[in-house]
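Written out below as structure tokens is the structure these notes cover.
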Amino acid sequence: MKFFIDTANLAQIREANEMGVLDGVTTNPSLMARENIRGEEACRRHYVEICNIVDGDVSAEVISTDFEGMVREGEELAALHPNIVVKLPCTADGIRAVKYFSQKGIRTNCTLVFSAGQALLAAKAGATYVSPFVGRLDDIGEDGVELVAHIVQMYRYYGFETQVLAASIRHTQHIIRCVDAGADVATCPLAAIKGLLKHPLTDSGLAQFLADHAKVNG
Ligand code: E4P
């Protein structure tokens, strides 16, 4: 199970990386805008900065919606750093672009996936990662983790190599349920990763150990 952080915030990426458990980063245009990164040049510099922090795959998403634009943008992004994974939306043009990049040996992340059918097409096109959006499905009354489990089962049955990257993770329980569902990767906000550490018995146990030590050692 790999852990990616789902942010473009450099401080958070550094903090997660320093924990020693980070395998990669996912970004999207909304996350880049949240960091107020404007213009193509600034975006490119930011992706390179992220790649210089984390030794793992960094998803950088195209803005174009047509095949030619996706190919042009994706090639530019892939040339920035060997760790860049080109993130493409799960549309007809996006799937075509996934196929194009997979034939060229460029890694892709097929994003905005909300159904098993979309995940099937992404895998057939040769996506490196497929990103089902767990939280956004929960938001509309569906079960996002159930979709993750369905995709995992389908990929195993047919032997697809595409990795299931559980995205739109909102909290720690999502991570645990995605582990149970067999996801290859979960991309998470920093708070959800840190939430995995929290247990009141760890805190009270540590306090007791330190108190007992202090009684004897002063
Ligand atoms: C995934 O790669 C997306 O960037 C992300 O997980 C979307 O999450 P959200 O639904 O919280 O915006």
Side-chain angles (χ1 to χ4, degrees), residues 1-10 12-13 16-17 22-37 43 46-47 50-51 53-54 56-65 70 73-74 77-78 83-91 94-95 97-98 101 106-115 118-119 121-123 125 127-149 151-152 162-179 181 183-196:
M1 173 83 174
K2 287 190 271 186
F3 271 119
F4 289 179
I5 189 167
D6 194 29
T7 184
N9 182 284
L10 298 179
Q12 291 188 14
I13 294 169
N17 194 51
L22 195 63
D23 301 298
V25 179
T26 51
T27 63
N28 65 38
S30 304
L31 294 171
M32 295 290 277
R34 199 176 293 168
E35 302 308 313
N36 206 19
I37 300 151
C43 280
H46 200 80
Y47 290 135
I50 295 174
C51 290
I53 298 171
V54 182
D57 283 351
V58 174
S59 288
E61 188 160 343
V62 300
I63 308 296
S64 304
T65 54
M70 288 176 180
E73 258 190 79
L77 290 170
N83 289 357
I84 291 282
V85 173
V86 180
K87 199 173 180 193
L88 299 148
C90 194
T91 59
I95 292 292
V98 167
F101 285 118
I106 292 175
R107 298 191 311 292
T108 56
N109 175 354
C110 190
T111 190
L112 289 166
V113 166
F114 294 94
S115 74
Q118 290 176 318
L121 291 177
T128 312
Y129 298 102
V130 68
S131 288
F133 275 37
V134 172
R136 292 193 195 189
L137 279 170
D138 288 3
D139 289 344
I140 59 159
E142 295 189 27
D143 186 342
V145 177
E146 228 170 66
L147 175 63
V148 171
I151 297 170
V152 167
T162 301
Q163 296 176 56
V164 181
L165 193 169
S168 187
I169 296 287
R170 301 275 166 76
H171 47 73
T172 303
Q173 266 308 310
H174 269 159
I175 302 178
I176 300 301
R177 287 192 62 217
C178 285
V179 169
D184 299 289
V185 190
T187 188
C188 322
L190 181 59
I193 299 176
K194 287 162 93 173
L196 291 168

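Counting starts at 1 for both ligands and their atoms, following the listed order.
The shortest N or O to N or O distance between Thr111 and ligand 1 is not under 3.5 Å. An N or O contact shorter than 3.5 Å is missing between Thr187 and ligand 1 by distance. Looking at ligand 1, you won't find any N or O of Thr27 less than 3.5 Å from one of its N or O atoms.
At a 4.0 Å heavy-atom cut-off, ligand 1 touches Ala167 through backbone and side chain alike.
Using a 4.0 Å cut-off between a side-chain N of Lys or Arg and a carboxylate O of Asp or Glu, Lys2 and Asp57 do not qualify as a salt bridge.
Protein heavy atom at the shortest distance from atom 8 (O) of ligand 1 is Ser168 CA, 3.4 Å. Of the protein's non-hydrogen atoms, Asn28 ND2, 2.6 Å is the one closest to atom 4 (O) of ligand 1. Considering only non-hydrogen protein atoms, atom 7 (C) of ligand 1 sits nearest to Phe133 CE2, 3.6 Å.
In this structure, the side chains of Thr7 and Leu190 stay at 4.5 Å or more apart for every pair of heavy atoms. Contact of the Val134 side chain with the Val148 side chain is registered, since non-hydrogen atoms from C-beta on lie closer than 4.5 Å. Between Thr111 and Asn28 the shortest side-chain heavy-atom distance does not fall below 4.5 Å. You'll find the side chain of Pro89 stays beyond 4.5 Å of the side chain of Thr65, heavy atoms only. The shortest side-chain heavy-atom distance between Thr26 and Tyr129 does not fall under the 4.5 Å cut-off.
Judged purely by atom type and a 3.5 angstrom limit, Ser59 has no side-chain atom pairing as donor or acceptor with the backbone of Asn109.
Comparing Arg170, Lys87, Arg136 by heavy-atom distance to atom 1 (C) of ligand 1, the nearest is Lys87.
Close approach of ligand 1 to Asp6 (heavy-atom distance below 4.0 Å) involves ligand atoms 1 (C), 2 (O), 3 (C), 4 (O), 5 (C), 6 (O), 7 (C), 8 (O).
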